[in-house]
Every structure is written in structure tokens, then in C-alpha cells.
**Student:** 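Supplied in C-alpha cells, the structure appears directly below.
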Amino acid sequence: MDRSTPKDFLFHFSQGNYQAALDICKELELDTDVVYKAQWAHVATQKEELTPEHVDLLKQVEDDAWVVAQCLEVIANDWGLQHTILKLGVLRTEHHISGSTTDSVWSQSQMYLNDYLDRLETFIEIWPSLKSTVESFGSAYADFRDSNLVALAVDYARQGNSVALRSIFAHHQVAVWPCRFAILAEIPETMSPDQFDLPRMTDDEEEDVWMTDEPWRETSTEEYDQTMTLAAAEGMVYAPEHTNYLSWVHSQWLSSPIEFPTTADTVRKWYLSKAAAADKMGLCDQALEWVRYARLMGVRGLEQKEAQYDWLCKYVYSCDLTDKTVTVRLEEFEQIPSYEVLEGLLQHTNESRIVSDMKQLVLPWLSVCAHRTLVDEEVEESGPETLLYRWLLGTADEHLDWVCLVLEQSTPTLPDEERIIKNDRDLARLAIAVLYSTDGPIELLVRIFECLPVFDDAVENDADRTEQKQAREVDMVSLLPLTETALGLFTALEPMDAQGLTQIMDTLQNHLSSAEVLARYHAGVPLRWFLKNHSAEEQRQLCTRMASQAAGGVETGGRQFDSDDDWRELLVDMMDLHGIDGIGVFGLLSRTEIFETFFTSLLRCGRFRLAKDLMVGPGRDKTLDIGRAEQLVIDAEQEFFDNATTGNMYSGNMKLAMDCLKILPPTDLVNEEMELIEATHTLIYEYRVIDRPGIELMPIQVRQSSNRLDLIAKLIHTRRGIYKQPEKVLTLAKKLGYQDDRAAGVKVLAMLANEALVDEEYDIAYKLCRETVQEVRAISSDPQLRRRHNLGEVSEAAWQTCFSLGKLSNYTDYPRRYDVLAMALELSPVKHVRDVLAVWRQLDKEHPNPSQLDFITPGSALLSLLLPVQP
């Protein structure tokens, strides 16, 4: 076999047949580094992922300088291979470094390699926290290993990467420790401080070792110092951009290094700066968290600042800020008046929270108010409790139930530590002011009254009680102008001692008892009503309201009273309110007037059986005489009648009206009202008389009609054939109020006769005409009746009706025509006699034998006219 030549080597080398070239190189004893370097360069050119086989190529190269250079530059995505490469570079530098002859280049190279190794170990720890945001390990490590550690720490702090930050502090402490506070200051204030390793203090108020120094190599610190010294001595030259970067890093974080351990004041200020930054962003809760964490880390002197941020948080999260873009910072919060803060703390309270909010928010806040930097005159003059009192008094109008709960949690029977209002005099003043100044449910008022304290020094002997009573009357009258606002009354009661408050509370008890009675019957009045001297008319109005609303109102028929006993109890309570010797709510009213008011309501609610028992029963109270009782019954009946919507007297209000009249024995007035009810029933319900087309006639229209004969006329005109029943119509007219009015009867008969004429019922019309004329003769023959009635008016109706029938040519019953014309001549005025005679003559011409009188009906008007007058 022929021996290879250098030409063969060059051929294979140029063709990339590195194994063949290597074999020839070994055979010819040439330098194999050329092949290994070329093969390594080919891998780099192809940008292939490095493998252990590729790393073996570096190990085969004997040129240490070239190998070290490659180890400094190459980046592998596999940290195991990266570690092997860097270790290889360190191993190659050791051959060129001896104790006395140290080449600065080799030393610097070794420094870089060791630093890269250390950073590789650190980056392996950091990598899990970065791999979700970085594409590859190699590229991220390449940036990491050549970056300034302080700048890296700052970036990680800004990102909130506590894992990376801790790794740098732990493994590269010598490089970053002096500027630890500057680095940690870049942690976002929005992040929770307990995620990071932060400075803490010892009991001696010195900075504690809060981060253990864990270098990857024991000699790394000394090497770092030596390398820095060597670099300075050799005058290492950096690229301009690198120089500018280092200068910027130094100015930002290295210009004022802080030695370890630093003072407690430095640590305290650092934590306060973080809290202030969070507060400036409007994140008061984060500011509070930073201060609390500082205290947890042993930093002292932050108690007041923690309390300030705590109250700021409670205020911000308790109240609704009008402008959501506006934030309240601690500095601004300190300038807010104490009362406004209290209002904000209670802005979202409710019935279920008010007591707990008072104990957990308001009472602690009151203890803070006295020590605020803001000068509050109200707190300085009257004490911080005034703020609570002011809020309660201002809230009472809208939320009396809240005030009641607070006062109930302040009763003297509770242990002092559980009471919200601990001062008994203030409690009494508050309760009195609220009770006399607000309008609330009586149940709440009673509960508030039950919270009042009992003063031990109250006067007990009778003589003093008499003096108190006189003083009390003066005091209560003077309170009236002050009850416009609860705060005004509360302030006015401030000079009062326990004795004076006790006097007011005694009077208040009487007022509250009366108010309970009134409220029970839905006639409640505010307690301040009792402070005024009311006129008899005002008392009468209240008495009427009490009686009318007692059982739920007249509209419900007194449905809320289940039994008669409820009504009897109402009467007793009304009389009790009259008081002894007329000193009471209804003191200016007589007992009779109270009785009348009660019976009016009783009757209007339809309790007729009980009313009959109380009015005319064997055990009745004779305060109300029977005449007045009759009037009350009539008034109630008329109200039922007027409110009726139908004329049916067997149902609804008409039935109630009839039943109401049955309470008393029949009298003229009672009978008259009963007949009107019956007449209305007949008109509206039986005969269906209407007001006008499409509109029903109402009972009240019947009563209020100025001429009820118009209703009879409507009936006659709308009810066909009603003239055949004249007695019924006359009876109806009498029940409508014309019992003794015979003139009305004449008019009714005339209207019936005229309607019969319309229907051409001439014979019926004739009979009705005769009856009409007979009534007129009866009136004219009786002097008393003639005086009571207008004879001309009744004669007018009679003769016109007779004349209308007599002149009808269609009526062929001539004798009756002559008869009605004779009746017309008898009753007509002189000025109309010519008209009647004209019709008579016309009829005489038409009749062939007018002189024969055999057809004349005995007793007719015609006979009286033809017979000679007796001398």
C-alpha cells in the first residue's frame, strides 16, 4: 500500500473529510490541531446544537490559548455541556499560572471562566423562573453571564422575581451586597413583601444577617478582589458602550454603598420609603402591608405609622369616593376632619353591622381622634365622644333602628367594657333628644326609652317630687322650640344634672304611654306633640282620627277588630285619654263629645248590634241622650246612603243604611229615612230609572235632588203604562218626601194623565183628570190646606190636563169630553176661559143634539154648569 502524502491530506481536508485528514495527519506526524480546529469551526458555522462529541473535539486540541478562547465564547443550550466546556477552559489556564509568574491574560481568562461557572450555577437555579418568558437556555445564559450583577438584580427586582433575586444575593453577595437597599428599592410596591428576603433587625437594633452568603467556590471572594486589583493595575480596556453602561450602573446604585450591618434608622427609612411609594400610588393597603412586614422583621418605631395606614385603609374601603379616579393618600387623610372620617367609616353600615362597626371602627377611631395632628375644635372642646353623638343624632331621622341598637348596647346593665356609650348622663340626653325629635315606630321609641338609666341620686320624698313636678312643667314647655333638631335638644340638655334628667324622663314616660295608646289605634303622633298646649279643635281632630282609624279605617268596615271587646276597649282607652279632672290628651273635650266620636266611628264601621247595646241597652252609659243618639244614627245612615253605588236596599251600603236605622225605635225622622231608602230602591233598582242615557242614577242624586218630582217625571216618561198604577206612583212620591204635600199629589196625577194622553189611553186619562180635579177641590175647600199650598199652581196643572183631553177630536166619548172641558172651565184662570169656551163651542157644533143632556154623567162638572144657580 502506498504511503499517504501531504497532498492527500490537503485533498481530504479541503473536502471536509476530517476523519481521513486526521488519519493522514497522524500517519505523517503532522499537527492534528489543524483538523480539530477546522472540524470545530465547521460545527460553529453550521450552528448545530453542541453534543458531547463536539466537546470532545475541544479536548483534543493542544493549543491552550485557542481552547480557552473557545470556552470563553461558546454557548450551549445544555447546561451540562456548558459546565464541561467552562471546566475545560479553567483546566487549560491552570497550566499557565504559577505562583510567581502570573500572566495577567491567563489570570483574567481564568477569572472570566470561573465567573462564568459561578453564574452558570446561579442561572441554573434561576432558569425555572425564567423559562416561561425566554426561548432558550443558551441565549438567556449568554445575556446573564456578561451582564452587570447589580443591573441584573435591579431588573429581577423590578420584575418581582424573588427566586432570581435571592440567588444573586446568596451566591454573589460580594458584588451586590453594598447596594442591597438600592436593589430592593426597585421591587414593585404592588407586590407582597413576604415573597422576598428583606432586611430585618436584631434585638439590639442592628441589621441582622437576613441573607446567608453562599458562594459557589470558597475562594471566589478573594479571587474577585484580586482580579479587580489586577484589572485596575493592568489598565483593562473596555468597549465604549461597556464603559458607558458601567458608569450608569455606578451612578444609579453604587455611588452610595451601605456597609453591613447598617443602622436601624436606615432600615426603617427604607421600609417607610416603600410604604410611602405605595401610598403615593393610591395603594394604601400595600403601604400598610409594607409597614406591618417591617415590624415583623423587627423594625421598631413604626407603630404610629402602622396605625395611620390602617385607618387610611379602613376609611378608603368603607366610603364611596365620589370621583373614582381620586385617591386619598395619608397626607390628605390627615387633613380630613375627624367627623368626616367617622361618616366614611359608617357609610356602608346596616342594621346587622351597626353594633360591630361601632365597636370595631368607631370606638377605636374616637381614641385616635384626640391624638391627631389635625386640630379639631369640636374634639378639643367636648371630647371625641361628641363625634359619635353627633352622628347618632343626625342619623336618627332616617335610621332610628340603628340608633336604637346602639343605645340598647349602651344600657347600664351591661358590663362597662361592652357598652358603646359609657356615660349615663350622655345616654339619657341622647335618648331624650332622639325620642322628642324624631318620628319613628312606637315600638322603637319604647325600646329606646327602656335604655334610659336610673340615677341613684334621684329625689324620693313627696315634697321634693311636688317641686320637681312644677319645675318639670316649665322645663317641658321650654323644650318645644329645641325639638326641631335632635342635636339642638341634646345640646340644650347638657347643663342638666341627674335630677333634672330624671324629671324629664318621668314626664317622657307619661307621654310615651299616651303615644302607645294612640299608635295602637293608628293615630300616632310624635312625642313632641305632647310638649305643646293644643286647642280643643286639635284635640277633637285627634280624637276623631283615633276613633275612625282604630279598627283599620271605615273603608274596611273595622275589619281589624275581631270582637266587640276590641271596641269596648277602644272606648275605655278614649275615656282614659280624657284624663282625671280633664288633664289628658283629650282634656278639653267633654265626655259626651268623646262618646259621640266613638259612636260615630262604631256606626260607620257597621257595628250596629254593639251600637244598639251601648245606646239603648239595659246597661247603657247615659252620658249620651237618646236625642243625640238618634242624630248620630241618622248621620251614619245618610253617609252609607250617599256612598251607595246601587239602589238595592238588600245589599251593600243601602243595606247598611237600612240596618243602621233599625238600631233605634221608629221615630218620624227614622221612618222618613227608611221611606227614602225604599223609594230609592224602587226608582233605581226596580224601575231602572237612569240619570241620562248610559249613566245610572246614584242614590246620592236622589237625596240631593232639589225637586224629587223630576224623578217621578223620569219614571213616568220611561216606564210605559205606569199611569195604570197611579196608587204606586203616589205612594212612591210620598216616600220621596211628599207625605203631607197634596199639591205634589195633584202634580203627579196630572203627569200620569198627560202620559196616558200620549199613549192615547183616553179613558184612563179621563179618570186621572177627575182624580186630579177632586184633589184640587179638596184643597180649595179646606182653609188650612189652602194656606199651606199654592192653589193657583195646583189648579194650573189640573185645568191644563183637562183642557188637553177635552180638545182632542180623536176622543169620541163626547159626554166625557164635555165633562173635562167643564172641569177646565171650573179651574182655569179668567184669562184662559175664552180658550176653553172656544173648544166647547167647536164641540157643540160637532154634536147634533147638544141641548139633550141625557148623556151627562151624574155628578159631572158639566151638570153643575148647566143647572140654574139656586138663590
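Note that the structure is predicted; figures quoted are calculated from it, not measured.
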**Student:** Quick one: do Val794 and Asn790 satisfy side chain to side chain contact (heavy atoms under 4.5 Å, CB included)? Show the steps, please.
**Tutor:** CA-CA 7 Å; Val794 295; Asn790 186 341; over 6 Å; no
**Student:** For residues Leu732 and Ile712, determine if any side-chain heavy atom of one lies less than 4.5 Å from a side-chain heavy atom of the other.
**Tutor:** yes
**Student:** With respect to Leu736, which candidate in Thr682, Leu709, Leu683 satisfies the side chain to side chain contact (heavy atoms under 4.5 Å, CB included) definition?
**Tutor:** Leu683
**Student:** Step by step, work out the side chain to side chain contact (heavy atoms under 4.5 Å, CB included) result for Val776 and Glu826.
**Tutor:** CA-CA 11 Å; Val776 174; Glu826 177 187 354; over 6 Å; no
**Student:** Parallel under 30°, tilted from 30 to 60°, perpendicular over 60°: which one fits the rings of Phe599 and Phe595?
**Tutor:** parallel
**Student:** Of all the heavy-atom pairs spanning Ala765 and Leu805, show the shortest one and how long it is.
**Tutor:** C-CD2, 4.0 Å
**Student:** Kindly indicate, with the supporting measurements, whether the criterion salt bridge (Lys or Arg N to Asp or Glu O under 4.0 Å) is fulfilled by Lys807 and Asp835.
**Tutor:** CA-CA 10 Å; Lys807 68 182 180 179; Asp835 298 330; over 6 Å; no
**Student:** Relative to Phe449, does Arg447 satisfy both conditions: NZ or CZ under 6.0 angstrom from the six-membered ring centre, and within 45 degrees of the ring's axis?
**Tutor:** no
**Student:** Can a donor-acceptor pair be found between the side chains of Tyr762 and Asp813 at a distance below 3.5 Å?
**Tutor:** no
**Student:** Taking all non-hydrogen atoms of both residues, which atom of Leu542 and which atom of Trp529 are closest, and how far apart?
**Tutor:** CD2-CH2, 3.4 Å
**Student:** If we ignore hydrogens and angles and just use 3.5 Å, is the side chain of Asn653 paired with the main-chain N or O of Asn643 as donor and acceptor?
**Tutor:** yes
**Student:** Would a distance-only check, ignoring hydrogens and angles, find a side-chain to backbone donor-acceptor pair under 3.5 Å from Asp759 to Glu761?
**Tutor:** no
**Student:** Does the plane of the ring in Phe530 sit parallel, tilted or perpendicular to the ring in His511? Use 30° and 60° as the thresholds.
**Tutor:** parallel
**Student:** Under the side chain to side chain donor-acceptor pair (under 3.5 Å) criterion, do Asn671 and Glu675 qualify, and how do the steps go?
**Tutor:** CA-CA 6 Å; Asn671 289 333; Glu675 288 179 349; over 6 Å; no
**Student:** To the nearest 0.5 angstrom, please state how far the CG atom of Leu752 sits from the NZ atom of Lys767.
**Tutor:** 14.0 Å
**Student:** Give a yes or no on whether the backbone of Val434 and the side-chain of Ser437 come within a donor-acceptor separation of less than 3.5 Å.
**Tutor:** no
**Student:** State the NZ-CD1 distance between Lys714 and Ile690, to the nearest 0.5 angstrom.
**Tutor:** 8.0 Å
**Student:** Does a side-chain N-to-carboxylate-O contact under 4.0 Å join Arg770 and Asp819?
**Tutor:** yes
**Student:** Does any N or O in the side chain of Ser513 come within less than 3.5 Å of the main-chain N or O of Gln509, such that one atom is a donor and the other an acceptor?
**Tutor:** yes
**Student:** Could you point out which residue of Glu672, His681, Glu678 forms a side chain to side chain donor-acceptor pair (under 3.5 Å) with Lys735?
**Tutor:** Glu678
**Student:** Step by step, would you call Leu577 with Ser514 a side chain to side chain contact (heavy atoms under 4.5 Å, CB included)?
**Tutor:** CA-CA 7 Å; Leu577 289 177; Ser514 299; 4.1 Å; yes
**Student:** I want to check something: taking the side chain as every heavy atom from C-beta on, are Leu603 and Ile663 in contact at a cut-off of under 4.5 Å?
**Tutor:** yes
**Student:** Considering all heavy atoms of both residues, which atom of Arg786 and which atom of Leu791 are nearest to each other, and what is their separation?
**Tutor:** CD-CD2, 3.9 Å
**Student:** Can you give me the closest heavy-atom contact between Met649 and Met654, atom names plus distance?
**Tutor:** CA-CB, 3.6 Å
**Student:** Nearest 0.5 angstrom please: Thr597 OG1 to Leu571 CG, how far?
**Tutor:** 11.0 Å
**Student:** Look up atom CG in Leu711 and atom CG in Leu697, then write down how far apart they are to the nearest 0.5 Å.
**Tutor:** 6.0 Å
**Student:** Between the side chain of His789 and the main-chain N/O of Asp741, is any donor-acceptor distance below 3.5 Å?
**Tutor:** no
**Student:** Taking side-chain contact (heavy atoms from CB on, under 4.5 Å) as the definition, give me every residue that meets it alongside Arg703, ordered by chain and number, with sequence neighbours left out.
**Tutor:** Glu637, Gln638, Phe641, Asp642, Glu673, Leu676, Arg708
**Student:** Around atom CD of Glu516, are there more than 12 heavy atoms from other residues, nucleotides or ligands closer than 6.0 Å?
**Tutor:** yes
**Student:** Tell me whether Ser781 contacts the main-chain N or O of Ala778 through its side chain, where contact means a donor paired with an acceptor under 3.5 Å.
**Tutor:** yes
**Student:** Taking the side chain as every heavy atom from C-beta outward, state whether Val572 and Met575 have any pair of such atoms under 4.5 Å apart.
**Tutor:** no
**Student:** Write down the atom of Leu588, the atom of Ala536, and the distance for their closest heavy-atom approach.
**Tutor:** CD1-N, 3.6 Å
**Student:** Got a donor-acceptor contact below 3.5 angstrom from the Arg788 side chain to the Asp740 backbone?
**Tutor:** yes
**Student:** Is there a side-chain contact between Tyr723 and Asn754 in this structure, where contact means two heavy atoms from C-beta onward sitting under 4.5 Å apart?
**Tutor:** no
**Student:** Quick one: does Gln539's side chain have a donor or acceptor within less than 3.5 Å of a partner on Gly587's backbone?
**Tutor:** yes
**Student:** Got a salt bridge between Lys655 and Asp659, using NZ or NE/NH1/NH2 to carboxylate O under 4.0 Å?
**Tutor:** yes
**Student:** Less than 4.5 Å apart, any side-chain heavy atom of Ile779 and any of Val746?
**Tutor:** yes
**Student:** Measuring only between side-chain heavy atoms, which start at C-beta, is Val836 closer than 4.5 Å to Trp840?
**Tutor:** no
**Student:** Taking all atoms of both residues into account, what is the closest heavy-atom pair of Ile684 and Pro699, and its distance?
**Tutor:** CD1-N, 3.9 Å
**Student:** Atom CG of Leu749 and atom OG1 of Thr801: how far apart are they, to the nearest 0.5 Å?
**Tutor:** 9.5 Å
**Student:** Is there a side-chain contact between Asp576 and Val517, using heavy atoms and a 4.5 Å cut-off?
**Tutor:** no
**Student:** Nearest 0.5 Å, please: how far is CE in Met658 from OH in Tyr650?
**Tutor:** 7.5 Å
**Student:** Show the numbers, then the answer: is there a side chain to side chain contact (heavy atoms under 4.5 Å, CB included) between Glu793 and Lys747?
**Tutor:** CA-CA 9 Å; Glu793 184 179 347; Lys747 294 177 182 179; 2.4 Å; yes
**Student:** Do Glu596 and Gln631 have side chains that approach each other closer than 4.5 Å (heavy atoms only, starting at C-beta)?
**Tutor:** no
**Student:** Is there a donor-acceptor contact under 3.5 Å from the side chain of Ser705 to the main chain of Val702?
**Tutor:** no
